Amino acid sequence: MIVAMMESATEEQIQQVIERMVELGFDVHRTTGAIQTVLAGVGKPAQFEVQEFQVLAGVAEAYRISSPYKLAGRGFRPEGTVVRFPNGVTVGGEEVVVMAGPCSVESREQILLSAQQVAAGGAKFLRGGAFKPRSSPYSFQGMGLEGLKLLREVGDSTGLLIISEVMEISQIELMMPYVDVFQVGARNMQNFNLLRELGHVRKPVLLKRGIAATIEELLLSAEYILAGGNYDLILCERGIRTFETYTRNTMDISAIPVLKKLTHLPVLGDPSHGVGRRDMVPAMAMAAVAAGADGLLMEMHPNPDKAMSDGAQSLFPEQYEKLMDNLRALAPVVGRSVAKPAYAI
Ligand code: PEP
Ligand code: MN
């Protein structure tokens, strides 16, 4: 059930509604937006009448929701979620935010150069995997803790926030001091134990769509994190597996406007994993922004031909720079903007 309070509702009225919901057996999630407070009742009380809530003092609207994802649904926060970072960067606001960097952290030199190039292009986040989910156990598995330390160091020196993938529960605490966003990869979208644990963390999470996951399954996975009380959640479309083999995956651009309609959570596009070929990444990046994405997660490498993972889909630094300029020109057409670089090499 969703109970939307009136703009003029007092704290006392809000508390009375919460008390009644709890009495009935609901787990209550509260969100206070710019205009009103919305209360989401999760759980299945044996019996209740939604009309009872419609007439309580201070209530604007109360309705049952049949959607299986109650907290991820648009109705919980009609105005949309804005994820805020301590340095003032926001994801889900007017600005289209770019997260860029290599697939993996490979060395100090590589990640420092990457950070400088990423910052000089105007991105706000440096990406880089320290723990890598590789299809083959013989492929490079990442630098681990050493990689995380390098990410933090070069992020701080270039003014970039850090996003890196967490693959299992035991890595959460280890990663905490080094990352600003926990990335949950496609392969872990339905690692429900990991999702539940990330619900208890007080740090933003970016959840990628699984390679064979429906939009509803993605939203149900998001619900696991939200149900734990972590509302700083960002979704990411990164391509799905279809019968087409020309591209590595099929970038489902249509998932972006669908998600924007169904959920209040910010939605990013990852054109790199979406197509797997750097010659097509810029077109898909532009398409994602035109379709309403709140940001992009992209792979860029100072020397892609020497990359230890995903080199073929990593942009050359010049390509990335040109794409950022093109995104700055495109964004205003859809009422958005892309920041100018605040860093020069
Ligand atoms: C990555 O971002 O490098 C990655 C492994 O992505 P995905 O989980 O989408 O395959
Ligand atoms: Mn990758």
Side-chain angles (χ1 to χ4, degrees), residues 97-106 110-111 114 118 123 125-137 139-144 147-148 151 161-168 171 175 179-191 194-195 198 204-213 215 217-218 221-222 225 233-242 247-253 255-256 259 267-278 280-281 284-285 288 293 295-316 320:
V97 175
V98 177
M99 306 182 176
C103 180
S104 310
V105 183
E106 299 166 6
Q110 172 250 16
I111 199 65
S114 300
V118 163
F125 291 78
L126 174 67
R127 61 148 291 147
F131 300 109
K132 294 304 301 176
R134 305 305 301 282
S135 299
S136 163
S139 301
F140 176 58
Q141 305 285 308
M143 287 181 75
L148 293 171
L151 278 169
L161 293 160
I162 299 298
I163 173 164
S164 196
E165 179 164 354
V166 59
M167 284 172 57
E168 50 175 281
Q171 292 164 351
M175 292 179 72
V179 304
D180 299 296
V181 181
F182 285 106
Q183 175 177 325
V184 177
R187 291 157 191 83
N188 271 314
M189 190 205 84
Q190 290 190 314
N191 181 341
L194 176 64
L195 301 181
L198 288 168
V205 174
L206 178 141
L207 177 65
K208 285 188 154 196
R209 182 180 182 183
I211 62 167
I215 290 171
E217 284 164 342
L218 171 62
S221 289
I225 298 172
L233 181 57
I234 303 164
L235 302 180
C236 181
E237 163 58 39
R238 49 76 76 204
I240 48 175
R241 183 163 288 180
T242 67
T247 47
R248 178 179 177 182
N249 291 294
T250 296
M251 179 79 183
D252 185 5
I253 295 288
I256 295 168
L259 285 167
V267 180
L268 264 54
D270 172 349
S272 310
H273 294 83
V275 282
R277 303 174 46 133
R278 79 168 73 87
M280 285 159 192
V281 166
M284 289 297 102
L296 295 166
L297 178 69
M298 298 191 293
E299 290 182 340
M300 195 266 342
H301 193 287
N303 188 357
D305 295 334
K306 293 273 158 59
M308 293 169 86
S309 59
D310 286 349
Q313 66 191 35
S314 300
L315 296 172
F316 282 102
Y320 158 75

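Bear in mind that the values here come from a model prediction, so they are computed numbers and not experimental data. Every heavy atom of this structure was used, including side-chain atoms; hydrogens, water molecules and symmetry mates were not. Just follow the structure's listing: the first ligand is 1, and inside any ligand the first atom is 1. Sequence positions, counted from 1, serve as the residue numbers for this chain.
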Margin query: Any nitrogen or oxygen of Glu165 lying under 3.5 Å from a nitrogen or oxygen in ligand 1? Just yes or no.
Written below: no
Exercise for the section: Please examine the side chains of Met300 and Arg127, heavy atoms only from C-beta on, and report whether any two atoms are closer than 4.5 Å. Expected result: no
Non-hydrogen atom of Gln183 closer than 4.0 Å to ligand 1 | yes
**Prompt:** Can you find an N or O of His273 that's nearer than 3.5 Å to an N or O of ligand 1?
**Reply:** yes
Tell me whether ligand 1 is touched by Cys103 - counting only heavy atoms on the residue side and a distance under 4.0 Å. yes
- Flag the pair Arg238 / Ile211 as yes when at least one side-chain heavy-atom distance between them is below 4.5 Å, and no otherwise. yes
Problem - Side-chain touch Leu235/Arg209, heavy atoms, less than 4.5 angstrom - result: no
Below 3.5 angstrom, do we get any N/O pair linking Asp310 and ligand 1?
no
Margin query: With heavy-atom distances below 4.5 Å as the criterion, would you say the side chains of Gln110 and Lys306 are in contact?
Written below: no
Under 4.0 Å from one or more heavy atoms of Gly185, ligand 1 contributes atoms 8 (O)
Among the N/O/S atoms of Glu299, the Mn ion (ligand 2) lies closest to OE2
Inset, instruction - Decide side-chain contact (heavy atoms from CB on, under 4.5 Å) for Asp270 and Met99; before the verdict, give the C-alpha distance in whole Å, the side-chain angles of both, and the deciding distance to 0.1 Å. - result: CA-CA 9 Å; Asp270 172 349; Met99 306 182 176; over 6 Å; no
So the angle subtended at the Mn ion (ligand 2) by Asp310 atom OD2 and His273 atom NE2, rounded to 10 degrees, is 90°
the protein heavy atom lying closest to atom 2 (O) of ligand 1 turns out to be Arg127 NH1, 2.8 Å
Between Glu299 and the options Pro304, Ser309, Ser272, the side-chain contact (heavy atoms from CB on, under 4.5 Å) test singles out Ser272
- Message: Within the 4.5 Å heavy-atom criterion, are Pro102 and Ile111 side-chain neighbours or not?
- Response: yes
closest protein heavy atom to atom 7 (P) of ligand 1 is Lys208 NZ, 3.4 Å
The protein heavy atom nearest to atom 8 (O) of ligand 1 is Ala186 N, 2.7 Å
Checklist entry - Quick one: does Met308's side chain get under 4.5 Å of Cys103's, heavy atoms only? => result no
